[in-house]
Amino acid sequence: MGEYLNFLDVANVEEFVPRHEQPPIYIPSLKASLSVGHFITFPFANEPNSSEKIVGQIIRKKENCQDEIIVCCFLPLYADSIRRHIICPTIFSQAISHASCTGVVELVNIGKIAVIHVKQITGLAFIFHENDVINDLYHIRGMQNAYLIRYRY
């Protein structure tokens, strides 16, 4: 069995701010360079066939390491794996029931970061605020790697 990802606590909220002054980062699996701030997906376990995905926002490159990046982690709001990261897991809001949001995973920022290797990245993630989807600003039904977020990050 593979090694699971380590989530790291941060000392202050400034550590969640993307360092946009850094140059783009080449992602081999996408055959493209991504700017800091992009949302990406990567496996929960450090094994290539892991089916559990995590969404992360690229915050910056790790110092003194070209192939590792620091990401702010987002997990599915109603997944069992998130309960240990929520201060009061018994107080979950109701799932979004609007028809335009059916089947779309809702994420929550768990307030932690992770260091990952660029080779772990499996795809791009597209994050939409719930109100923008409900008010028909974006049409995301059937879109791969589309996620909802209810609370501003």
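These figures come from a predicted structure and were not determined experimentally.
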Undergrad: Between N109 and K112, what is the shortest heavy-atom contact and its length?
TA: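 Smallest heavy-atom distance, with atoms named: OD1-N, 4.4 Å.
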Undergrad: Do P28 and V118 come close enough that some side-chain heavy atom pair is under 4.5 Å?
TA: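 Counting from C-beta outward, P28 and V118 do come under 4.5 Å.
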Undergrad: Restricting to non-hydrogen atoms, name the atom on A146 and the atom on V104 that form the minimum distance, rounded to 0.1 Å.
TA: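 Heavy-atom minimum between the residues: O-CG1, 3.5 Å.
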Undergrad: Count the heavy atoms of every other residue, nucleotide or ligand shown that sit under 6.0 Å from CD of E21, and state whether that count exceeds 12.
TA: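 For E21, atom CD is crowded (more than 12 foreign heavy atoms under 6.0 Å).
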Undergrad: Rounded at 0.5 Å granularity, tell me how far CD1 in I110 sits from CZ in F7.
TA: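 If I round to the nearest 0.5 Å, the distance is 4.5 Å.
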Undergrad: So, taking the atom named CG in D132 and the one named CD in E130, what distance separates them when rounded to the nearest 0.5 Å?
TA: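 One gets 9.5 Å once the value is rounded to the nearest 0.5 Å.
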Undergrad: Spell out, as yes or no, whether a donor-acceptor pair under 3.5 Å connects the side chain of Q57 to the backbone of G37.
TA: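 Between the backbone of G37 and the side chain of Q57 there is a qualifying donor-acceptor contact (under 3.5 Å).
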Undergrad: Nearest 0.5 Å, what's the CZ-CD1 distance between R60 and I70?
TA: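 One gets 3.5 Å once the value is rounded to the nearest 0.5 Å.
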Undergrad: For P76 and L107, which heavy atoms make the closest approach, and how far apart are they?
TA: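 In terms of heavy atoms, the two residues are closest at N-CD2, 3.8 Å.
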Undergrad: So which of D67, I40, I69 actually passes side chain to side chain contact (heavy atoms under 4.5 Å, CB included) with I25?
TA: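 The residue from D67, I40, I69 that satisfies side chain to side chain contact (heavy atoms under 4.5 Å, CB included) with I25 turns out to be I69.
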Undergrad: Indicate yes or no for a side-chain donor-acceptor contact from T122 to the backbone of T41 under 3.5 Å, with no hydrogens or angles considered.
TA: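 Between the backbone of T41 and the side chain of T122 there is a qualifying donor-acceptor contact (under 3.5 Å).
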Undergrad: When rounded to the nearest 0.5 angstrom, what is the spacing between NE2 in H20 and CD1 in I59?
TA: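 Answer rounded to 0.5 Å: 8.0 Å.
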Undergrad: State, to 0.1 Å, how close V55 and A125 come at their nearest heavy-atom pair, and which atoms those are.
TA: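 That would be CG1-CB, 3.8 Å.
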Undergrad: Nearest 0.5 Å, please: how far is CD1 in I113 from CD1 in I116?
TA: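 Output value for this atom pair is 11.5 Å.
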Undergrad: Do any N or O atoms from the side chain of Q22 and from the backbone of K61 form a donor-acceptor pair under 3.5 angstrom?
TA: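 Side chain of Q22 to backbone of K61, a donor-acceptor pair under 3.5 Å: yes, one is there.
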Undergrad: Under a 4.5 Å cut-off applied to non-hydrogen side-chain atoms, are Y147 and F74 in contact?
TA: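 No; the side chains remain at least 4.5 Å from each other.
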Undergrad: Is it the case that the side chain of H129 and the backbone of R150 share a donor-acceptor pair, with hydrogens and angles ignored and the cut-off at 3.5 Å?
TA: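 The answer is yes, because a donor-acceptor pair under 3.5 Å joins these two groups.
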Undergrad: Is there a donor-acceptor pair closer than 3.5 Å between any side-chain N or O of R19 and the backbone N or O of V17?
TA: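 Yes; at least one donor-acceptor contact below 3.5 Å.
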Undergrad: State plainly whether one hydrophobic cluster holds both L30 and Y26, where clusters connect Ile, Leu, Val, Met, Phe, Trp and Tyr through side-chain heavy atoms under 4.5 angstrom apart.
TA: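 Hydrophobic grouping puts L30 apart from Y26.
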Undergrad: Could you tell me whether the side chain of I149 reaches within less than 4.5 Å of the side chain of F39, counting heavy atoms only?
TA: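 The answer is no, as the side chains (C-beta and beyond) never meet within the 4.5 Å cut-off.
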Undergrad: Who pairs with F128 by ring pair (Phe, Tyr, Trp, His ring centres under 6.0 Å), at least two apart in sequence or on another chain?
TA: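 If we apply the ring pair (Phe, Tyr, Trp, His ring centres under 6.0 Å) test to F128, skipping adjacent residues, the hits are Y138.
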Undergrad: Starting at NE2 of H117, measure out to SG of C65 and round the result to the nearest 0.5 Å.
TA: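 One finds 6.5 Å between NE2 of H117 and SG of C65.
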Undergrad: Hey, does the side chain of N145 reach the backbone of L124 with a donor-acceptor pair shorter than 3.5 angstrom?
TA: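 Here the side-chain-to-backbone pair exists.
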